[in-house]
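What's counted below: heavy atoms across the whole structure, side chains too, no hydrogens, waters or symmetry copies. Everything quoted here is computed from the prediction, not taken from an experiment. Counting starts at 1 for both ligands and their atoms, following the listed order.
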Amino acid sequence: MKKSIMVDMDEVITEGGFLYLINEFEGTNYTTEDVNGYYMQDLVSDKDAFFKYFITKNQYDYGVLIPNVVEVLKVLKEYYDIYICSAYIIKDIPKKSGVLLLQKHNYLCEKLPFIPVDNFAFINNKSIINCNIKIDDKLENLENADIKILFTSYHNKDYDDEFLRSKGVIRANNWLDIKKFLLKGIENESSSSKK
Ligand SMILES: [Mg+2]
């Protein structure tokens, strides 16, 4: 049986759309360097007005794919069951967050057509997801996995190796790191067994 991998979406598969909309709305040029902590919306002066604007837009129209994510997931799919698991509730507008479900679903269908839609899970509490391996940029979301991979992002850069080691977490700076780590030994094994 293949091992399972939970892959987060925002800041792991795609990035940039949320901050783009903040800059559009505010008339600013913020970068992720300006974000203090995890929540980008803390940059916004009037959150009510911003989120009224935000839900009329689709952040995924303005984001980019993280480099190499598509090709690496295609390869990993040969050896693992891949589940895309994404939170869709924005804490400032929990009851109006439903629109994000469709946006996320459509984005994943378009960009990762080789992942079955049955393998999408939209949920905030990822600790109830039972996968062997978890890849996420948020430390708390890695709970309950045998292999925990923290995907480097603007808000987690400062965690040092020792701290992560104490949590049983490995850092990956990019998708090529993940490919190397998760295919270590596997591709050689399968090519020699074909001989
Ligand atoms: Mg994320």
Side-chain angles (χ1 to χ4, degrees), residues 4-22 30-44 51 54 57-70 72-73 76 82-94 97-112 115 119-145 147-159 163-164 167-179 181-182:
S4 56
I5 310 179
M6 180 199 93
V7 180
D8 175 35
M9 180 173 172
D10 296 314
E11 321 305 330
V12 174
I13 292 173
T14 174
E15 66 180 353
F18 198 93
L19 191 56
Y20 177 91
L21 289 177
I22 287 176
Y30 290 127
T31 70
T32 51
E33 297 289 312
D34 299 305
V35 183
N36 209 348
Y38 179 77
Y39 294 103
M40 291 183 179
Q41 58 263 48
D42 291 342
L43 292 167
V44 169
F51 280 114
F54 176 83
K57 300 282 178 181
N58 181 347
Q59 61 178 316
Y60 300 108
D61 289 343
Y62 308 98
V64 294
L65 283 163
I66 303 270
N68 305 305
V69 62
V70 174
V72 173
L73 284 179
L76 290 177
I82 314 270
Y83 294 87
I84 311 296
C85 189
S86 182
Y88 73 96
I89 304 286
I90 293 183
K91 69 178 173 70
D92 309 83
I93 48 163
S97 297
V99 63
L100 273 83
L101 278 169
L102 183 61
Q103 294 172 354
K104 283 172 183 264
H105 174 88
N106 287 346
Y107 185 83
L108 293 174
C109 286
E110 185 192 333
K111 303 293 184 188
L112 305 176
I115 305 283
N119 291 21
F120 301 167
F122 299 112
I123 189 166
N124 275 45
N125 180 358
K126 298 185 187 178
S127 71
I128 67 164
I129 302 287
N130 195 8
C131 280
N132 302 108
I133 299 159
K134 292 189 177 181
I135 304 170
D136 206 294
D137 63 303
K138 207 174 177 189
L139 203 52
E140 306 86 75
N141 289 342
L142 297 172
E143 270 175 45
N144 190 24
I147 298 176
K148 305 174 167 76
I149 301 176
L150 184 74
F151 200 88
T152 297
S153 187
Y154 64 94
H155 61 89
N156 68 31
K157 281 196 191 107
D158 294 339
Y159 298 151
F163 169 71
L164 292 179
K167 301 249 171 212
V169 170
I170 305 158
R171 181 188 284 283
N173 289 318
N174 55 61
W175 273 98
L176 296 180
D177 278 3
I178 292 176
K179 181 182 176 191
F181 179 73
L182 290 179

Counting distance only, does the side-chain N/O of Asn173 pair as donor-acceptor with the main-chain N or O of Thr152 below 3.5 Å?
no
NZ or CZ of Lys91 within 45° of Tyr39 ring axis and under 6.0 Å:
yes
Report the atom name of the nearest N/O/S atom of Asp10 relative to the Mg ion (ligand 1).
O
Check the angle between the aromatic planes of Phe51 and Phe54 and answer parallel, tilted or perpendicular using the 30° and 60° thresholds.
perpendicular
Under 2.8 Å from the Mg ion (ligand 1), can any N, O or S atom of Asp136 be found?
no
Which atom of Asp8 approaches the Mg ion (ligand 1) most closely (N/O/S):
OD2
Tell me, please, whether Tyr38 has Lys138 positioned over its six-membered ring: NZ or CZ under 6.0 Å from the ring centre and within 45 degrees of its axis?
yes
Atom of Asp137 nearest the Mg ion (ligand 1) (restricted to N/O/S, atom name only):
OD1
